[in-house]
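Here's the structure, in structure tokens; my notes come after.
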Protein chains: 2
Amino acid sequence: MSSIKNATDQPLASEIKEYLKTAPEIYLAGVSVDTVIFGFDNDKLHVLLLRFSNTPYYTLAGGYIEKEEDLDHAALRILSERTGLKNIYLEQFYTSGKHNRTNTGITKYALKKLTGILPPGNWLDQRFISVCYYALVDETKVEPKIQEPFTSGFKWFEINKLPKLLFDHKFIIEKALSRLQADLDTKLIGFNLMNETFTMNQLQKLYEAVHQMKLVRTNFQRKMLTLGVLERLEKQYNGKSHKAPYLYRFILAK
Amino acid sequence: MSSIKNATDQPLASEIKEYLKTAPEIYLAGVSVDTVIFGFDNDKLHVLLLRFSNTPYYTLAGGYIEKEEDLDHAALRILSERTGLKNIYLEQFYTSGKHNRTNTGITKYALKKLTGILPPGNWLDQRFISVCYYALVDETKVEPKIQEPFTSGFKWFEINKLPKLLFDHKFIIEKALSRLQADLDTKLIGFNLMNETFTMNQLQKLYEAVHQMKLVRTNFQRKMLTLGVLERLEKQYNGKSHKAPYLYRFILAK
DNA sequence: TCAAAAGTGTTTATTATACACCCATGG
DNA sequence: CCATGGGTGTATAATAAACACTTTTGA
């Protein structure tokens with residue numbers, strides 16, 4: 001799924017100025033939230049990115065924290081706004097705070113393309129420390145919404161075919177991936193990326209996509225089954241000329 | 001080591017007011033850094049805590065971020081100021097952001113004891129999102145310095161005999177410990193808590209203190225040796241009537 | 001010679017890996 | 001029947017756990 005609007009090259013000065021007026025009243029200054037949204041489709045691990053208006057660059061889904069809002073709540077709210085989902089699996093994994101992280105050459109250029117000339121010291125001009133979360137979502141259930149006027153589209157990218165990114169978002173995605181890899185085997189979170197029922201083959205594809213390596217089919221099956229968290233359901237006949245695989249479902253420890 | 005000053009009960013209004021005047025010019029608003037400083041002494045895992053002036057409460061070593069300062073640099077600077085050390089092992093592990101985390105009943109009481117009555121909306125009154133680091137230090141080399149006027153002393157506490165803490169600092173320490181436990185076995189960081197040379201027994205005591213469990217001596221020794229990161233030095237004769245243990249040193253992979 | 005702690009060896013259990021084998025399915 | 005992918009069994013290797021044994025030291 002993908003959508004790109006606003007192909008014109010006009011700085012969005014008027015909408016931006018409206019935003020700059022209200023933002024300081026609503027949000028905490030100097031702190032932002034960025035989320036790495038992971039999805040999975042058949043055999044590829046994806047990241048949902050937003051097109052930065054009037055530029056060829058992409059960014060993470062981000063936002064600000066309301067003045068009386070808990071940090072975790074802000075992350076969840078921002079994700080709900082961008083994906084249309086509730087009950088998203090979220091994990092805070094890093095806080096990025098280099099003093100010039102949003103103030104590099106490319107970013108300055110991109111901001112100018114987006115906004116035109118703005119008075120210095122405006123809301124977008126300040127230093128932001130960004131608290132980063134990763135989210136695991138069922139990609140097929142996501143209905144992304146763009147965040148006007150800053151972004152003009154969204155697109156799922158394969159984890160190893162990322163586009164040009166603004167700020168330090170490439171670094172943040174890499175951090176998110178390595179954290180996801182570590183978490184996948186220790187916590188039982190993989191199912192957040194899948195449909196409720198799945199075959200063992202689909203589950204293996206997920207693990208292979210996250211860890212970016214091939215796994216041995218027979219041993220993977222045994223390993224998953226001995227975890228004791230999979231419930232075997234009926235077989236799934238799909239018309240292929242071979243044994244039908246069982247469907248499984250995660251059973252969560254209470 | 002321990003030191004408590006300022007046993008009087010007078011609110012430190014004048015020093016505080018001076019601080020409140022300069023802080024907003026120097027530091028980022030709304031964001032703080034808190035550090036869980038771990039030390040190790042013979043067989044106990046310790047945490048260095050600061051006595052909140054005029055109260056029976058303790059807090060983590062914390063501070064603010066200068067306006068043009070990198071976040072990691074701020075954490076290191078704050079630690080250097082409090083411990084007198086350079087080259088401290090630091091790991092960012094969590095960012096705490098509940099909107100009322102510094103504004104609970106006990107904290108209000110403690111702040112009033114410390115400062116007397118201050119105008120509302122002052123620097124200390126604002127909401128802070130706190131980026132949390134843990135530090136591993138050689139306890140014997142630390143020369144703590146208090147942070148006047150907010151704190152009036154410091155003390156090493158055993159990890160499972162913590163005093164009453166302000167804010168959400170107890171929760172943060174627990175998070176830090178479980179992160180340290182996970183890190184100890186995967187990264188090779190234990191040596192940051194010890195002298196440069198140590199016996200196998202001392203190393204085992206460290207692992208036992210961090211994991212809060214007994215380990216089997218013979219198997220622990222083999223496991224450490226097969227890691228291939230220990231260099232065996234001369235024996236350490238200590239006058240005891242038993243075989244002298246070897247000293248070891250960590251050799252860091254380049 | 002003894003007690004205490006250090007260091008090494010050995011046995012067993014557990015877990016991981018490789019791969020052989022059989023099974024079910026639709027054409 | 002065949003080809004294909006699914007499921008199970010088994011042999012082997014690697015690792016972990018339990019504990020016996022030997023060594024060194026100072027009294």
Side-chain angles (χ1 to χ4, degrees), chain A residues 42-44 181-182 184-188 190-191 194-251, chain B residues 42-44 181-182 184-188 190-191 194-251:
Chain A
N42 296 317
D43 59 351
K44 295 283 197 300
Q181 290 173 337
L184 185 65
D185 299 319
T186 52
K187 312 170 187 180
L188 259 13
F191 67 95
M194 322 233 328
N195 224 305
E196 198 190 334
T197 66
F198 46 85
T199 66
M200 196 57 80
N201 188 280
Q202 291 173 317
L203 187 62
Q204 183 177 343
K205 293 261 175 62
L206 169 63
Y207 274 70
E208 290 179 340
V210 170
H211 283 123
Q212 314 226 57
M213 64 189 297
K214 281 272 163 206
L215 300 171
V216 177
R217 178 183 63 90
T218 53
N219 293 335
F220 177 81
Q221 169 136 337
R222 188 184 351 263
K223 192 167 181 178
M224 286 298 129
L225 291 179
T226 55
L227 288 177
V229 297
L230 292 183
E231 181 187 7
R232 179 175 281 181
L233 307 172
E234 74 278 11
K235 288 184 177 183
Q236 184 195 53
Y237 292 87
N238 55 8
K240 300 280 180 60
S241 67
H242 57 74
K243 200 172 179 177
Y246 290 102
L247 285 175
Y248 294 89
R249 171 166 55 197
F250 270 96
I251 42 177
Chain B
N42 296 316
D43 58 353
K44 294 286 196 299
Q181 289 173 339
L184 185 66
D185 298 320
T186 51
K187 313 170 186 180
L188 259 14
F191 68 94
M194 320 232 331
N195 224 305
E196 197 190 334
T197 65
F198 46 85
T199 66
M200 195 56 81
N201 188 280
Q202 291 172 316
L203 187 62
Q204 183 177 343
K205 292 262 175 62
L206 169 63
Y207 274 70
E208 290 179 337
V210 170
H211 283 124
Q212 313 225 55
M213 64 189 295
K214 280 273 164 206
L215 299 172
V216 177
R217 178 183 63 87
T218 53
N219 292 336
F220 177 82
Q221 168 136 338
R222 187 183 354 261
K223 192 167 182 178
M224 285 298 130
L225 291 179
T226 55
L227 288 177
V229 296
L230 292 183
E231 181 187 8
R232 180 175 282 180
L233 307 171
E234 74 279 11
K235 288 184 177 182
Q236 184 195 54
Y237 293 88
N238 54 11
K240 299 280 180 60
S241 66
H242 57 74
K243 199 172 180 177
Y246 290 102
L247 286 175
Y248 294 89
R249 171 165 55 196
F250 270 95
I251 43 178

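Order of the sequence lines fixes the chain letters, A, B, ..., with proteins taken first and strands second; residue numbering starts at 1 for each chain. Since the structure is predicted, the reported quantities are computational estimates derived from the model, not experimental observations.
Between L247(A) atom CG and dG6(D) atom C1' the separation is 13 Å, expressed in whole Å. In this entry the distance linking OH of Y248(A) with P of dG6(D) reads 11 Å, nearest Å. For the pair F220(B) CZ and dT15(D) C1', the interatomic distance rounds to 17 Å; values are reported in whole Å. Between the NZ atom of K205(A) and the C1' atom of dG5(D) there is a distance of 11 Å, given to the nearest Å.
Remark: N201(A) pairs with T199(A), K205(A) by the side chain to side chain contact (heavy atoms under 4.5 Å, CB included) rule, at least two apart or across chains. Qualifying side chain to side chain donor-acceptor pair (under 3.5 Å) partners for Q236(B), counting only residues two or more places apart in sequence or in other chains: none. In this structure Q221(A) satisfies the side chain to side chain donor-acceptor pair (under 3.5 Å) test with no other residue, sequence neighbours excluded. For S241(B), there are no side chain to side chain contact (heavy atoms under 4.5 Å, CB included) partners, not counting sequence neighbours. Residues satisfying the salt bridge (Lys or Arg N to Asp or Glu O under 4.0 Å) criterion with R222(A), sequence neighbours excluded, are absent altogether.
Contact detail for L230(B) and I251(B): the closest heavy-atom pair is N-CG1, 4.1 Å.
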Evaluate the criterion side-chain contact (heavy atoms from CB on, under 4.5 Å) for residue pair L203(A) and F250(A); output intermediate values, then yes/no.
-> CA-CA 11 Å; L203(A) 187 62; F250(A) 270 96; 4.3 Å; yes

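Across residues 234-243 of chain B, K235(B), Y237(B), G239(B), K240(B), S241(B), H242(B), K243(B) each have a non-hydrogen atom less than 4.0 Å from an atom of DNA chain D (numbered order).
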Table please: side-chain donor-acceptor pairs of residues 209-218 of chain A below 3.5 Å, with sequence neighbours left out.
from    : atom 1 : to      : atom 2 : distance (Å)
H211(A) : NE2    : Q181(A) : O      : 3.4
H211(A) : NE2    : D185(A) : OD2    : 3.1
Q212(A) : OE1    : N160(A) : ND2    : 3.1

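Considering OG1 of T197(B) and CD of Q202(B), their distance stands at 8.0 Å, rounded to 0.5 Å.
Evaluation of the salt bridge (charged side-chain N to carboxylate O under 4.0 Å, His left out) test over residues 230-247 of chain B, restricted to residues two or more places apart or in two chains, returns E231(B)-R249(B). Residue pairs that meet the ring pair (Phe, Tyr, Trp, His ring centres under 6.0 Å) test with at least one member in residues 220-248 of chain A, sequence neighbours left out, are Y207(A)-F220(A).
Applying the 4.0 Å criterion to OP1 and OP2 of dT8(D), one finds that Q221(A) has a side-chain N or O inside that range.
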Please list each protein N or O that sits under 3.5 Å from an N or O in nucleotides 16-19 of chain D, with the distance.
from    : atom 1 : to      : atom 2 : distance (Å)
dA18(D) : N7     : N219(B) : OD1    : 3.3
dA18(D) : N7     : N219(B) : ND2    : 2.9
dA18(D) : N6     : N219(B) : OD1    : 3.4
dA18(D) : N6     : R222(B) : NH2    : 3.3
dC19(D) : N4     : T218(B) : OG1    : 2.4

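On the nucleic acid side, DNA chain C contacts chain A at distances under 4.0 Å to non-hydrogen atoms, with the end points of that region at dT17(C) to dG26(C).
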